[in-house]
There are 2 protein chains.
Amino acid sequence: MGTKTVKTIEDIAKLANVSKSTVSRALNDSSLINPETKNRIKAIAEEHNFCMNLPARNLSRRQSCTVGFVTHSHQCGFTVEDMFGLEIMSAIGSGLDVLGYDLLLIHMKPRDNSWAHQYFDSGRVDGFIMMKTGRGHAYSKLLSEMNAPFIIWGVPEPEINGCTVTGDNLSGGILATEHLIRIGRKKIAFLGGPEYDLEAQLRQKGYETAMRNAGRKIEPDLMVNGDYYLESGKTGMQQLLEKTPDVDAVFVCGDVMAIGAIEVIQKSGRRVPEDVAVVGYDDLAIATYNNLPITTVRQNIQMSGKLLAQNLVQSIKTGVVTHVTVPVELVVRKSA
Amino acid sequence: MGTKTVKTIEDIAKLANVSKSTVSRALNDSSLINPETKNRIKAIAEEHNFCMNLPARNLSRRQSCTVGFVTHSHQCGFTVEDMFGLEIMSAIGSGLDVLGYDLLLIHMKPRDNSWAHQYFDSGRVDGFIMMKTGRGHAYSKLLSEMNAPFIIWGVPEPEINGCTVTGDNLSGGILATEHLIRIGRKKIAFLGGPEYDLEAQLRQKGYETAMRNAGRKIEPDLMVNGDYYLESGKTGMQQLLEKTPDVDAVFVCGDVMAIGAIEVIQKSGRRVPEDVAVVGYDDLAIATYNNLPITTVRQNIQMSGKLLAQNLVQSIKTGVVTHVTVPVELVVRKSA
DNA sequence: CTGAAAGCGCTTACAG
DNA sequence: CTGAAAGCGCTTACAG
């Protein structure tokens with residue numbers, strides 16, 4: 001509770017000698033209002049530093065102008081998805097701000113699907129934003145059944161009937177691989193994501209495309225799957241080194257795994273990038289801040305956040321379902 | 001809008017053949033209600049998957065059950081405060097959840113103080129959480145003038161009249177330094193924060209305390225200020241190496257700066273930790289994920305988030321202003 | 001224990 | 001162009 005005396009449109013109405021209907025219209029820039037009256041009212045509001053009660057307005061309009069960002073609980077420390085998600089969340093916030101929407105954090109607990117009802121049916125949020133996860137389908141179904149607008153960061157799939165925004169994974173894979181080819185590497189390996197992961201699949205496709213375009217063979221011994229965690233970067237790289245000791249480059253599907261890979265390479269007595277060049281993916285903060293700054297494929301996080309915001313709000317307002325792909329770019333640092 | 005037919009307490013009232021007052025009381029576990037009636041109503045609500053409209057309840061109760069987490073815009077990339085803040089935000093979310101409060105993200109723009117009015121006077125949030133910044137005082141004053149409850153992550157200061165939660169910086173400094181002494185280092189340097197920063201001051205005091213306790217001299221040549229950014233870790237370490245080439249350990253006031261310091265040490269031809277041991281501060285995700293995992297002082301982020309949540313809500317409800325210090329612990333990894 | 005009524009602070013047909 | 005009135009979906013004195 002503040003200490004101000006002018007707190008409702010009724011207070012303004014009295015000061016301006018009009019009805020609160022008129023104040024409401026003036027403050028909402030209704031075209032029905034006499035311009036002079038409107039300006040007079042606005043001036044009074046301004047003078048008193050008036051802020052309309054938003055919950056009341058929202059109740060009346062039956063909307064919340066708020067969207068929920070769905071996160072998992074971070075009890076067990078951070079994963080890549082968390083880090084990437086955290087960075088993008090910030091961008092989403094800016095994007096929503098200019099649209100007059102707010103961002104609410106929603107923590108969903110492990111085996112609890114009640115968050116969707118709790119936040120949507122209660123009128124707390126008008127829609128949801130979530131990062132793609134393995135269980136994306138389940139959540140997507142849940143939300144569709146509730147008729148809740150939502151948008152997902154991830155590759156569009158037939159089963160998911162909400163909006164999507166994703167990076168251009170195919171181009172990303174090509175860019176990374178072409179860079180390694182360009183700097184003269186002969187045995188270029190691929191350290192991927194989980195098999196079911198569509199983003200990783202596309203990055204792999206990019207890798208294969210670039211290899212073929214350069215007249216290279218795709219060798220199964222040069223390809224291994226990871227799961228985006230640090231540990232899998234280490235074990236994956238270990239395997240690659242064992243199968244192909246003279247490997248001289250690796251395109252790793254995530255920056256965190258790339259860090260693991262670099263560690264293993266160095267431990268094996270090889271130098272990065274001299275003996276083995278490493279390209280990562282995502283351009284997380286740790287890519288820059290790592291001891292050996294990582295050459296990586298940058299996802300345009302600012303633009304992605306903005307698009308997630310805009311397209312979700314559009315979907316809330318009109319029901320239009322969109323799918324967009326955001327361009328990526330190669331950022332050359334020291335690891336390749 | 002969902003597709004359900006039972007959406008208001010009035011719908012439930014009809015089904016149960018009672019008034020909506022009674023439904024309201026039953027669902028709110030009022031002691032006035034006949035237990036049988038209460039159970040009957042609850043069963044009906046359950047059966048229809050009923051979710052009360054929270055904005056309406058909040059409007060009626062004149063509260064929002066929402067607190068705002070104030071962040072800066074991240075246009076120019078991440079800084080330590082951002083990374084630490086991001087991690088703690090997640091913990092705050094969990095903490096608020098069990099109290100029935102929601103977390104709203106507030107992006108404040110560079111030279112714009114309107115966020116406070118916009119979110120508080122509009123009834124959008126009941127209070128604020130913010131990370132300590134150089135301009136903490138200004139914001140603190142702003143919020144106090146509005147009578148807005150708030151809590152700050154940072155060292156309490158007379159000018160700041162809201163709640164605070166902070167790590168035990170003094171102990172942190174002692175722990176880090178004692179570790180370096182214990183592992184036999186002779187020339188232990190201190191790479192601090194900005195001079196005005198109270199947290200860094202306390203860490204420095206911890207360093208000095210541990211040094212004195214061990215009968216060491218405090219040598220100005222072994223101490224230099226940084227600003228938490230990567231770059232200052234590099235330049236700071238550079239200076240230390242020039243002033244004291246045989247420095248064999250450094251306590252760095254932040255993990256990001258520690259990464260910069262390690263890079264400079266290695267570039268100078270020295271090994272970490274063999275030639276120069278490095279202890280960081282914060283235990284950010286990057287401390288683990290760094291190429292050379294960093295020995296650091298862990299701030300208990302989970303507990304801190306929980307306390308920030310609990311004490312702010314308490315302050316909202318009762319006006320009580322609290323100041324708490326959270327214990328820290330040393331995490332030994334590879335850099336020292 | 002329960003209900004009718006007023007109220008939270010807005011918006012918006014409806015009437016003028 | 002403006003206002004009186006009903007309504008958004010709850011809560012909570014007040015009366016019984």
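In what follows, chains carry the letters A, B, and so on, assigned in the order in which the sequence lines appear, proteins first and then strands, with residues in each chain numbered from 1. These figures come from a predicted structure and were not determined experimentally.
DNA chain C is contacted by both B:T22 and A:T8; B:T22 maps to the nucleotide lying nearer its 5′ end (nearest heavy atom per residue).
Aromatic ring orientation, A:F128 versus A:F120: tilted (interplanar angle from 30° to 60°).
Of the residues in residues 26-38 of chain B, B:N28 come within less than 4.0 Å of DNA chain D through at least one heavy atom, sorted by number. Residues from residues 10-21 of chain B with heavy atoms under 4.0 angstrom of DNA chain C, sorted by number: B:V18, B:S19, B:S21.
Qualifying side-chain hydrogen bond (donor to acceptor under 3.5 Å, both in side chains) partners for B:N161, counting only residues two or more places apart in sequence or in other chains: B:S144. For the side chain to side chain contact (heavy atoms under 4.5 Å, CB included) test, residues two or more places apart in sequence or in another chain that qualify with A:I44 are A:I12, A:L15, A:A16, A:H48.
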List the steps and the verdict of side-chain contact (heavy atoms from CB on, under 4.5 Å) for B:V326 and B:Q302.
-> CA-CA 10 Å; B:V326 183; B:Q302 282 302 317; over 6 Å; no
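Within 4.0 Å of B:S24, counting heavy atoms only, lies at least one base atom of the nucleic acid.
Pairing for C:dT2 is with D:dA15, a Watson-Crick or G-U wobble pair whose two hydrogen-bonding atom distances lie under 3.5 Å.
In the model, B:R124 has a side-chain atom that pairs as donor or acceptor with a side-chain atom of A:T66 under 3.5 Å. A:N58 and A:S64 form no side-chain donor-acceptor contact under 3.5 Å, judged by distance and modelled atom types alone. One side chain, A:D112 or A:S114, offers a donor N or O that lies under 3.5 Å from an acceptor on the other.
Judged by distance alone, the side chain of A:S24 and the main-chain N or O of A:K20 form no donor-acceptor pair under 3.5 Å.
Here the range on DNA chain C touched by chain B, meaning any atom under 4.0 Å from one of its heavy atoms, is C:dC1 to C:dG9.
Sorted by first and then second residue, the side-chain hydrogen bond (donor to acceptor under 3.5 Å, both in side chains) pairs with a member in residues 312-327 of chain B read B:T164-B:H323, B:N311-B:T322; sequence neighbours excluded.
For the residue pair B:I316 and B:Y101, the shortest heavy atom distance occurs at CG2-OH, 4.1 Å.
Straight-line distance between the P atoms of D:dT2 and D:dA6: roughly 23 Å, to the nearest whole Å. To the nearest whole angstrom, the two P atoms, one in D:dC14 and one in D:dC10, are 24 Å apart.
Two residues are said to be in side-chain contact when any heavy atoms from C-beta on lie closer than 4.5 Å; B:F150 and B:V70 fail this criterion.
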